[in-house]
Amino acid sequence: MKYCLDCDWSASAVDDPSQQRRSRAAIRHHVETGHTIDSSDGTVRPTVPAVSDALLVRDLGPSSD
Ligand SMILES: [Zn+2]
């Protein structure tokens with residue numbers, strides 16, 4: 001499937017069995033919104049492990065540099 005990293009847009013084989021149409025839809029979404037499209041071999045959006053949330057929060061915190 002293809003999915004957007006910036007919003008909940010996605011296109012999977014469930015939505016449209018044509019990979020070519022999904023690719024076009026993904027490109028169109030990127031052009032229209034400037035959002036970043038990623039893709040996965042699975043049929044659902046990959047889930048982010050909980051540990052990544054902790055890392056993300058840390059990364060967003062004040063820098064000690
Ligand atoms: Zn988007």
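When a ligand or atom number is given, it counts from 1 through the structure's own listing order.
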Looking at every non-hydrogen atom in both residues, tell me the closest pair between D38 and L5 and how far apart they are.
CB-CD2, 3.9 Å
State, to 0.1 Å, how close A26 and I37 come at their nearest heavy-atom pair, and which atoms those are.
O-CG1, 3.5 Å
Specify the closest pair of heavy atoms between A11 and D15, including all atoms of both residues, with the distance to one decimal.
CA-OD2, 3.6 Å
For W9 and H29, take the angle between the two ring planes, folded into 0 to 90°, and tell me which bin it lands in: parallel under 30, tilted 30 to 60, perpendicular over 60.
parallel
Taking only protein atoms, how many N, O or S atoms are found under 2.8 Å from the Zn ion (ligand 1)?
4
Quick one: list whatever passes side-chain contact (heavy atoms from CB on, under 4.5 Å) with S39, sequence neighbours left out.
K2
What is the minimum heavy-atom distance between R22 and A13, and which atoms define it?
NH1-CA, 3.5 Å
